[in-house]
Asker: 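Have a look at the structure that comes next, please.
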Amino acid sequence: QVQLVESGGGLVQAGGSLRLSCTASGGTFSNYVMAWFRQAPGKERDFVAAIRRSGSITDYADSMKGRFTIFRDNTKNTVYLQMNSLEPEDTAVYYCAASGLIMSRAPAHYAYWGQGTQVTVSS
């Protein structure tokens with residue numbers, strides 16, 4: 001059983017920055033593709049970013065590219081999402097996810113999920 005725990009969410013003003021963390025336990029972290037998704041009120045769950053097992057290849061949704069950075073530290077079993085130039089439309093619950101099979105933008109390909117952390121960006 002793999003457990004994922006997110007932290008770092010909170011309230012930030014527009015233009016500010018925030019770093020989310022997700023720590024894994026109960027599995028071999030370096031074997032997992034890791035990803036971040038988000039879900040805003042009244043909207044579908046959206047892909048944010050993903051990172052390969054080694055951290056050498058990353059993928060970003062177009063709206064995040066240039067503002068968000070995903071990176072991982074396999075020695076700490078932790079994946080991070082650095083968010084810069086935050087906008088009110090970034091307000092959402094952010095979820096960490098892990099896949100042992102494939103790097104994908106589809107939520108269904110991720111078997112393990114954290115509980116989510118709320119990010120609120122004020123104007």
Side-chain angles (χ1 to χ4, degrees):
Q1 187 178 20
V2 176
Q3 296 85 41
L4 303 175
V5 179
E6 302 101 332
S7 63
L11 176 65
V12 64
Q13 64 183 358
S17 298
L18 206 60
R19 180 178 292 181
L20 306 183
S21 300
C22 173
T23 299
S25 62
T28 303
F29 182 74
S30 61
N31 286 343
Y32 306 141
V33 171
M34 301 299 299
W36 290 93
F37 293 81
R38 71 185 187 185
Q39 188 164 16
K43 296 187 177 181
E44 299 294 321
R45 182 169 48 183
D46 291 329
F47 171 78
V48 175
I51 187 165
R52 292 279 287 271
R53 295 166 179 83
S54 68
S56 61
I57 299 175
T58 56
D59 184 32
Y60 297 93
D62 288 343
S63 62
M64 325 299 173
K65 194 173 184 179
R67 298 191 300 124
F68 291 6
T69 302
I70 186 171
F71 59 101
R72 66 194 295 166
D73 185 344
N74 287 349
T75 68
K76 298 180 179 179
N77 291 348
T78 300
V79 63
Y80 305 89
L81 184 68
Q82 178 67 45
M83 303 184 292
N84 298 326
S85 301
L86 284 164
E87 304 166 355
E89 51 265 39
D90 294 317
T91 295
V93 177
Y94 284 71
Y95 297 93
C96 175
S99 172
L101 299 174
I102 191 172
M103 185 174 180
S104 173
R105 295 185 175 192
H109 289 149
Y110 292 83
Y112 306 104
W113 294 83
Q115 81 288 348
T117 185
Q118 177 71 48
V119 172
T120 302
V121 184
S122 62
S123 60

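What you see is a predicted model, and the numbers here were worked out from it, not measured in a lab.
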Asker: Hey, mind stepping through Ser25 and Gln3 against side-chain hydrogen bond (donor to acceptor under 3.5 Å, both in side chains) and telling me if it holds?
Answerer: CA-CA 5 Å; Ser25 62; Gln3 296 85 41; 3.2 Å; yes

Asker: From Gln13 CD over to Glu87 CD, what is the distance, rounded to the nearest 0.5 angstrom?
Answerer: 14.0 Å

Asker: Side-chain donor-acceptor pair under 3.5 Å between Thr28 and Ser30, yes or no?
Answerer: no

Asker: May I have the step-by-step check of side-chain contact (heavy atoms from CB on, under 4.5 Å) for Leu4 and Met34, ending in yes or no?
Answerer: CA-CA 11 Å; Leu4 303 175; Met34 301 299 299; 4.2 Å; yes

Asker: When you compare the side chains of Asn84 and Ser17, does any donor N or O come within less than 3.5 Å of an acceptor on the partner?
Answerer: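 Yes.
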
Asker: Test your reading of the model: is there a side-chain donor-acceptor pair from Thr117 to the backbone of Ser7, 3.5 Å cut-off?
Answerer: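 No: the side chain of Thr117 does not pair with the backbone of Ser7.
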
Asker: Check for me whether the distance between the ring centres of Phe37 and Tyr110 falls short of 6.0 Å.
Answerer: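 Yes: the rings meet the under 6.0 Å criterion.
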
Asker: Once you measure the plane-to-plane angle for Phe71 and Tyr80, does it fall in the parallel (<30°), tilted (30-60°) or perpendicular (>60°) bin?
Answerer: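 Because their plane-to-plane angle is under 30°, the rings of Phe71 and Tyr80 count as parallel.
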
Asker: Using the salt bridge (charged side-chain N to carboxylate O under 4.0 Å, His left out) criterion, which residues pair with Arg72? Sequence neighbours excluded.
Answerer: none

Asker: Answer whether the closest heavy-atom distance between the side chains of Arg53 and Val33 falls below 4.5 Å.
Answerer: yes

Asker: Looking at Ile57, is its backbone amide N or carbonyl O close enough to the side chain of Arg52 to form a donor-acceptor pair, meaning the two atoms are under 3.5 Å apart?
Answerer: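 Flag not set: sc Arg52 to bb Ile57 has no pair under 3.5 Å.
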
Asker: Would you find a donor on one side and an acceptor on the other, under 3.5 Å apart, between the side chain of Ser99 and the backbone of Ile102?
Answerer: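 It does hold such a pair.
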
